[in-house]
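These notes are about the structure you will find just below.
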Amino acid sequence: HEPCIYIKVCRNQSIALMTLYVDDMIIAHNNYEELMRLVTEIERKFQIKKIGVPKKMLGISIKYKKDEGLLAISTKDKIIELTKEYQINEKLAVPLPAGTKFKKEEKSDMTEEDKTKYRSLLGKLMFIMVATRPDIAFAVSLLARYMNNPMNLHYQS
C-alpha cells in the first residue's frame, strides 16, 4: 500500500487512480463523467487548480496520446541535467558490466566535497532508477555500497 496513491471504485465499477504528492495531484479515470464527478467532490472540500493533462511531475516527463492509447513517462531531461551538473561526458559513458567487483578500501582518495557530490549523484540516480529506469539498478546498487567511503574509481564508474 502506497500512502500517496489512492484508488476509488465508482458507482458503475469504473476505477479512479489518484496520486498525491505535497500539492501536486494527478487523477486517472476510465470514465469521463465519473472523473468530473470526483473532481467536483474534491473541489467542494479543497481549493484546486485544474491544469489539464500533466506534462511533468516530480521531474518525470509525461506524454499522453489518448487517440493512440499511449502513456509514456521519461526522466531523459533529468538525466541530461545530471550529465551537465556532474560534467559527465555521455559519449564516454558505458554500461557497468554484470559481475563487476570493487574492493573496499580503508581510506578514501576523495575530498569530503567530492564524497558529498558522489552521494548526491547516487541519490539522484536512485530516484531515476525507481521512477523510470530499472535497467540501471545493478550499477546504482553496486555503487551505493560505497557511499560511506567512496573512491574516485567508484565516482568515475
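Just so it is clear, the model here is predicted, and its values are computed rather than measured. Residue indices begin at 1 and follow the sequence shown.
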Do the side chains of [X] and [Y] join up, straight or via other hydrophobic residues, at under 4.5 Å, putting them in one cluster?
X	Y	result
I5	I15	no
I27	Y32	yes
L17	M57	no
I88	V140	yes
I51	M18	no

Minimum side-chain heavy-atom gap [X]-[Y] below 4.5 Å:
X	Y	answer
D109	L153	no
D77	K56	yes
S61	K76	no
E33	M36	no

Nearest 0.5 angstrom please: [X] [atom1] to [Y] [atom2], how far?
X	Y	atom1	atom2	answer
L143	R119	CG	CZ	13.5 Å
N149	M110	CG	CE	10.0 Å
M151	K115	CE	NZ	9.5 Å
Y6	L38	OH	CG	13.0 Å
T75	M129	OG1	CE	11.5 Å
I79	I128	CD1	CD1	4.5 Å

Taking every non-hydrogen atom, the tightest pair across [X] and [Y]:
X	Y	answer
I80	T83	O-OG1, 2.6 Å
L121	Y86	N-OH, 3.4 Å
N31	H29	N-ND1, 3.0 Å
S14	E34	OG-CG, 3.6 Å

Determine the sole option in T19, L20, V53 for which the side-chain contact (heavy atoms from CB on, under 4.5 Å) test with I26 is passed.
->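 Option passing the side-chain contact (heavy atoms from CB on, under 4.5 Å) with I26: T19.
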
Those residues at least two apart in sequence (or on a different chain) that pass side chain to side chain contact (heavy atoms under 4.5 Å, CB included) with I73 are I60, I62, T132

Between Y146 and S108, do the side chains contain a donor N or O and an acceptor N or O under 3.5 Å apart?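 Judged by distance alone, the side chains do not pair up.
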
Could you check whether atom [atom1] of [X] has more than 12 heavy atoms from other residues, nucleotides or ligands sitting under 6.0 Å from it?
X	atom1	answer
Y21	OH	no
N148	CG	no
L70	CG	yes
E68	CD	yes

Do the charged groups of [X] and [Y] touch, with an N to O distance under 4.0 Å?
X	Y	answer
R44	E41	no
E81	K84	no
K124	E85	yes
K50	E43	yes

